[in-house]
Amino acid sequence: MLRTVCRTGSALLKHSRRTIPPLWTAPAQQRWASSLPMNTVVLFVPQQEAWVVERMGRFHRILEPGLNFLIPILDRIRYVQSLKEIVIDVPEQSAVSLDNVTLQIDGVLYLRILDPFKASYGVEDPEYAVTQLAQTTMRSELGKLTLDKVFREREILNTNIVHSINQASDEWGIRCLRYEIKDIHVPPRVKESMQMQVEAERKKRATVLESEGTREAAINVAEGMKQAQILASEGQKAEQINKAAGEANAVLAKAAAKSKAIRLISDALAEQNGNAAASFSVAEQYVTAFSGLAKESNTILLPSNTGDVSSMVTQAMTIYSSLAKQTQRVAESAPAKGVVCLHTHSTLTLPARGRKHNSARMKRLPILALLLWICAVFYVGIFLFVGGFLLVRLEVNRSSSCHDLLTPGDEGEQDFCRGEPRFRRAVVLIIDALKIDFARFDARNSAPKPYENKLPVLQEVMSSRPAHSRLYPFRADPPTTTMQRIKGFTTGSLPTFIDVGNNFASTAILEDNLVHQLGQAGKRVVFMGDDTWESLFPKKFHRSLPFPSFNVKDLHTVDDGILEHLYPTMGGSDWDVLIAHFLGVDHCGHRFGPDHPAMADKLTQMDGVIRSVIGRLENDTLLVVMGDHGMTDTGDHGGESLKETDAALFLYSPAPIFPAPGAQAEPEVVPQTDLVPTLALLLGTPIPYSNIGQVLLPLFPQDTGSPGAPPHLSQAEALWINAKQVSRFLETYTQMARDIPAESLSLLREDFSRISLEYRSSALRGLPPSPELVATLRGYLTAVRETCRASWARFHPAKMAAGIAILTAACALCLAVSEFGEVGSLLGPLAIGAGLAVGVATVQLVTGGYVDASWCLGAFALSSQLLLLRRAWRAARSGGSKDGAGRRELLPQLSAPLLVLLLRCASLMSDSYVIAEGRVATFLLCSLVLYVPLRLNWDGLLLPPVSPDLQKPPGLHPSPPLSPSAVRRESLTFVACVAVLTGSLYLSLSFHGCREEQKACQPSAFLVPFSRLQDSRLRNLHYLLSVASLAAWTYTLRRWLRHYGNLNFPGPAVVTARWLLPSASVCLALHWAVSSTPEESFRSLAELIGLALVVLPRAAFSLLGLGAALLWLDPLTVFLKARQPAHPLGPAVPPRYRASTGISPQAELHHLIPQLYQRMRRSLEDGEQATAAAEGDGRPAVEAYGLGTVYSAPLVLQWGLLGLGLLLLHPEGLAFSFLLLLLEAAALLHLHSSSTSLALLQGAHTGGFGVPWTQVLLWALAATQFFHATGHLPTFPSIQWGAAFVGFPQGHTGTLIPATLVTLNTFSSHILFAVGCPLLLFWPLVCEARGGRCRRGSGSGAGPGEGEEAEDAVMEMRLRERPLQFSSALLQLAARYLFIHGAQVLASAFAAAILRRHLMVWKVFAPKLMFEASGFMVTSAFVLLGVALVMRVDAVVSGWFKRLLPEQSRARLSSCGSHIGARDSKGPTETAADIGASGNPKLSV
């Protein structure tokens, strides 16, 4: 027995020793605690120590410093903890940095025990645990940094380690105060590299310092030289002043002497035999002049009658006599005091024809005013029709409250706010663009795409806790834009394109909504995320943390801002409803698309967010994870496809809320409107007034009728409250608007009356509602929603009809202007229209008490149009038989283009043709191109005829002699243009996008930004192709300008072409290179890349804007060549205005085209005739290089600048598409020029400068065709929103700049073809000098002298000679172009009006109408811009000629006077020749 007791005691002693951790008893651990003291009843505890006492093996208390008492045997001191700061050496360990460098690193850890109880019982070995935690944390933090950042950011690294340790050690009662890294050892080779880097940096600094010293020395030397030159120049200035004063005195003295000599000579001549003496003096000077010939130069100019001295003397005396007579007349008319004015006979006179042409001017302001008025009436028609067509729903500005009685006459308790709500709190996580496919999890998918199986938390929670969670497809109503969706799932209504409320200009939601109801109920709503909520719900949140949302390239700012505040907010108590709107997934879709690794990262981040939120929820909190809309395969949204409308809805509660799986039918799809009444009733707030959604039944318990039924709302009660609320809204809405059909409204009222009767009878009997009644309630709510969805297209037929009438009249007015020219003054029709508009406004005020501005504008536009059309009709009828013949000739000319235009307009009535519009437009364009050669061949103009028809009357264009070789050359040019055009059309099909309806279509790979391409080789290949296309674009434009001599004048326009255009191209190429760089490739250069993304595009925009401004400031590109002296022995040729293709080495030109303006020559004819007999130089009078293309050159340059700016707003891969656009435009222009030339060569041209309908229609179809060839589609999801951030990667503060950039990107083809439209007028004249084909002889219709004039090729100056016809042709061209685009708008309006109840109206026809109307507005604006540029050039050219003619007159006058004054030193023949040849020292006359 004793042996057993001893053994037991020994075992207990050993066990008690094992329970004491060696950490606290080992001598080495005295820094943690002193040795364990014995229980001596009375104990003194030292300062900064805590003794942990156990009573009978269980924790009892902690002894404080000072006197303490213990019970012997029962109490035992178990642990002694030191409260001082403790230092621990962290052993050296290896870690790998972010750039894969292995480091050996150790540190020192400073701790303090804050809770002795946790330090004693929370961990077995505190030092080991903290040391291991410090090591693992240090390795983790080092793995996030590169080697350079490890040394540079050591403080941040220490802070992060301390933070991580404290998060884990809080449960141990230990607080980590500091962590210091002692040593960092790097591998020897890395250390050598770092040493080399340091040495290189020091060498760099030394070199920089040395260069700075050299620079300062050079500056000092330059300053000294500058001061020396200033002093020298001041000395020279004083010298020149003194010299000038002396010369002035000498001149005065000589003048006085000469004056005295002249008086003496005059007195001598007045005496007898004075003339004989003068004759003798002249003969003596003649002989003296001959004696000095050939002494100073080998160039000798001899008169034909050298030996006839008497004739020379006679000629000199004749000159003297004429001067004497003129001087006498001037002296008689001169004022007193002896002032004498000398006049010569060199005054320029204009012939009658010259005066006639000079008096006629181009009508600039009337044409611009008429075109502006035509565009304005089109705008009014579009405004009226769109105002009557687009979806409109009146907002009911009433709010629900807890005291509402939903059914009048009901007595009893209130409908809303009954009892305790099911949930006290709610967390709503909105993950923008969370598609339902992103939320589903398929364990069998072994190779998921980047967006698949990235949210496993949803499946895990539903599998483990099925009674707590559900996942549903969450279907949105189109349009699937963020603002409309927020409005949908907060109001429970159906947003439309236009929502009309009491305050139309407000951006805030005016209808009753869930956020407002939560605030009215006293719940604190905290919001964080997308700043759109802040503008929709101003001052509605208890606390708001908005972040900028417009920059779709920013994937992290909004999400990181939410995560920074989400968890601390949930841990607090100052919130009831938390709304967090994440944008990273949506922005990732816009930037990269869903099938990209960045999408996988974003979804994985959201998975972690959902896990963390679920772990922090309390039992009375509901979690809602939802997407506001989906996204297409390209990452876009906005339409109504299932990929865009189907989002995900995940509901979770820590407490069981859902029935068991299979116990109740689950909805297959949850409409977004159903979320509003569900959350309102679950949180105990009234349902918003305008809600038409239906409660989600699985969240409410079934009414079993048992006594233990839950105290919350049952399914039947929730449906009944929901039905009464919807019925109340329906009655209120029908009193305000009449857009719901009466039959449907009557049926809905009958259904609700029957349901109300059945429900009340069940309640009176104390029975729960039957399942049939519940199904009837659900059916009623569904019927109301479908009726409202079908009826809320509140069309205004009167406005639509008025809009169509105005558009039709505008098209008719365009047609009348294009055929009959101007229609007279606009003042009368505008005044009558304004009076009628005032009358309409007065009637509205009297009858309705308000004024609808749209009707006033409509009356104004329609009445003025009808008056102008009446005037045009009367002018056409009064034109007589001649105009009738012209109209008969118009019909065959208009037949084929009219047929194609009708086919184009008819295709807009079919949804399938609108869907395939890109290929339809290409087909029509190609067909019309092939029609042109067939028509020419039919007319016998494509091939040279057997015998020319010389009876054709000549037109305004020259009629050259018929040459078979010239006809063949033009035919070959024509065929080449057709081939280039066809090839461009075929290649442009490779750049088309795909609509959602085109299932088998694959979008072009060139539409993908380079940053999305994963294959680096493909990305480099696309980049090289884009840069080559950009270089070809720039080179082609400069080459054309250089070819026609427009790059010689040192003016602003030439500076733009020579320097600004190539510089902008370089900025564009560099921007593409920077923007295509993957983010993960150059993390160290992230700041530099971000700066380049801002600077390079803005630099390109600035250069292009500066070029455009300089071009408008001075668009003249004409260079005047100084005349060189002619060879005296050459044959005398009459002066001629000719086109030359020779090379001028003096001017260093590659292609010289001196254009000699005929009207200038005719203006100078009288002056030339006076000296023609003595003039021996017959070279051109004025050699003006580039004058032949003075109108088209600025237009081409403006076109090139716009093209580069618009290309900058597109994806980089579309550079080749823009090059194809340039080739197609050039081919169309040459096609027009060749067809005109073939008609001219064979005498078939009818005369005039007008552009045929066929060419104008081809130009307009090309604009539509390249709208699709640049990746655009008439759908909202296809809008390239990335254009708004070109040059603004950080976003915008307003909406004007991004809206402008997106508009320019969308309608770039419309802009380019609209600005270049006047080129159709100029191009046949530009190509006039090609191959000398434009020279014409004296035809049968030529008058006297016309044979000589026919050799001229004045090109665009022919328009200047006929300004009135020039004005008419320009007006006709602009009117025809506007007519074609206006007809398409009219056809789209007809299609939308006729098919407004069509199934595809909002998916196809409404977007097409919006794009067509917007395209017309942009087109008309830039047509006006192009016409205004032409008129600006004309004004500058007019001013140039006005300055040029007086300059020649002054030069001729001064030259004549100088030669006459020098008659004493020159022979008479030489003087006469000089007078005839010195009209202008730089312009040959």
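We're numbering straight along the sequence, starting at 1. Keep in mind it's a predicted model, so treat the numbers as computed, not measured.
- Side chain of Q865 to main chain of A810: a donor-acceptor pair is present (N/O by atom type, distance under 3.5 Å, no hydrogens or angles).
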Exercise for review: Given side chain to side chain contact (heavy atoms under 4.5 Å, CB included), test L1231 with L1258 step by step and report yes or no.
Suggested key: CA-CA 10 Å; L1231 194 73; L1258 283 172; 4.2 Å; yes

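- More than 12 non-hydrogen atoms from other residues, nucleotides or ligands lie less than 6.0 angstrom from CH2 of W855.
- Put simply, CG on L1220 and CG on L981 are 11.0 Å apart, with the number rounded to the nearest 0.5 Å.
- Residues passing the side chain to side chain donor-acceptor pair (under 3.5 Å) test with H1381 are Y1377, sequence neighbours excluded.
- In this structure the side chain of L1312 reaches within 4.5 angstrom of the side chain of W1199, judged on heavy atoms.
- For S910 (side chain) and S907 (main-chain N/O), no donor-acceptor pair under 3.5 Å exists by modelled atom type.
- Between the side chain of W1259 and the backbone N or O of F1313, at least one donor-acceptor pair lies under 3.5 Å.
- Atom CG in L985 sits 4.5 Å away from atom CD in E1224 (nearest 0.5 Å).
- The minimum heavy-atom distance between L1209 and L1301, with the atom names listed, is CD1-O, 3.6 Å.
- In terms of heavy atoms, C994 sits closest to P1003 at SG-N, 3.2 Å.
- Formation of a donor-acceptor pair under 3.5 Å by the S1309 side chain with backbone atoms of A1263 is found in this model.
- Summarising the geometry, atom CZ belonging to F474 is positioned 11.0 Å from atom CD1 belonging to I436; distances are rounded to the nearest 0.5 Å.
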Practice item. Under the side chain to side chain contact (heavy atoms under 4.5 Å, CB included) rule, what do L928 and L924 come out as? Steps first, then yes or no, please. Key: CA-CA 6 Å; L928 193 57; L924 292 176; over 6 Å; no

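- The backbone N or O of A921 sits nowhere less than 3.5 Å from a side-chain atom of T1264 that would complete a donor-acceptor pair.
- Between the side chain of S818 and the main chain of A1375, no donor-acceptor pair closer than 3.5 Å is present.
- Not counting sequence neighbours, the partners of S1278 by the side chain to side chain donor-acceptor pair (under 3.5 Å) test are T1275.
- Considering only heavy atoms from C-beta on, V932 comes within 4.5 Å of F974 through its side chain.
- Side chains of L857 and L384 form no contact here, defined as non-hydrogen atoms less than 4.5 Å apart.
- Residues R919 and L989 meet the side-chain proximity criterion, which asks for heavy atoms closer than 4.5 Å.
- Between the side chain of S1233 and the main chain of L1229, no donor-acceptor pair closer than 3.5 Å is present.
- Counting heavy atoms of neighbouring residues, nucleotides and ligands inside a 6.0 Å radius, atom NZ of K643 does not exceed 12 of them.
- Residues satisfying the side chain to side chain contact (heavy atoms under 4.5 Å, CB included) test with A801, not counting sequence neighbours, are none.
- In summary, of the residues considered (F1267, F991, F1307), a ring pair (Phe, Tyr, Trp, His ring centres under 6.0 Å) with H1272 occurs for F1267 alone.
- Across I1394 and M909, no two heavy atoms sit closer than the pair CD1-CE, 3.7 Å.
- Nearest heavy-atom pair, M800 versus G388, reported as atom, atom and distance to 0.1 Å: SD-O, 3.3 Å.
- Partners of L1025 by side chain to side chain contact (heavy atoms under 4.5 Å, CB included), not counting sequence neighbours, listed by chain and number: F1006, S1029, F1216.
- Inter-residue side-chain proximity for F1218 and L1206 is flagged as met; some heavy-atom pair is nearer than 4.5 Å.
- Take E917 and apply the side chain to side chain donor-acceptor pair (under 3.5 Å) test, not counting sequence neighbours, and it matches R904, H1268, K1408.
- Checked by atom type and distance alone, the side chain of Q672 pairs as donor or acceptor with a backbone atom of D628 at under 3.5 Å.
- Smallest separation of non-hydrogen atoms from S1026 and G1213: OG-CA, 3.7 Å.
- Residues satisfying the side chain to side chain donor-acceptor pair (under 3.5 Å) test with Q1280, not counting sequence neighbours, are N1305.
- Atom CZ of R475 and atom NE2 of H629 lie 16.0 Å apart (nearest 0.5 Å).
- With rounding to the nearest 0.5 Å, the separation of OG1 in T1419 from NE2 in H1310 is 5.0 Å.
- At least one side-chain heavy atom of H1232 sits under 4.5 Å from a side-chain heavy atom of P1324.
- Using cut-offs of 30° and 60° for the angle between ring planes, the F378 and F1416 rings count as tilted.
- Between C1001 atom SG and R995 atom CZ the span is 11.0 Å, to the nearest 0.5 Å.
- Applying the 6.0 Å contact sphere to OH of Y379 captures more than 12 heavy atoms from other residues, nucleotides or ligands.
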Check your understanding: What do the steps show when you test V900 against L1261 for side chain to side chain contact (heavy atoms under 4.5 Å, CB included), and what is the final call?
Key -> CA-CA 10 Å; V900 174; L1261 284 176; 4.0 Å; yes

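- Counting heavy atoms from C-beta on, the side chains of P594 and K435 never come closer than 4.5 Å.
- T1306 has its side chain within reach of F1411: a pair of non-hydrogen atoms, C-beta onward, lies under 4.5 Å apart.
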Exercise for review: Could you give me the CA-CA distance, side-chain angles and deciding distance for S1414 and V1418, then say whether side chain to side chain contact (heavy atoms under 4.5 Å, CB included) is met?
Suggested key: CA-CA 6 Å; S1414 302; V1418 173; 5.5 Å; no

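- Nearest heavy atoms, P897 versus L1257: O-CD2, 3.1 Å.
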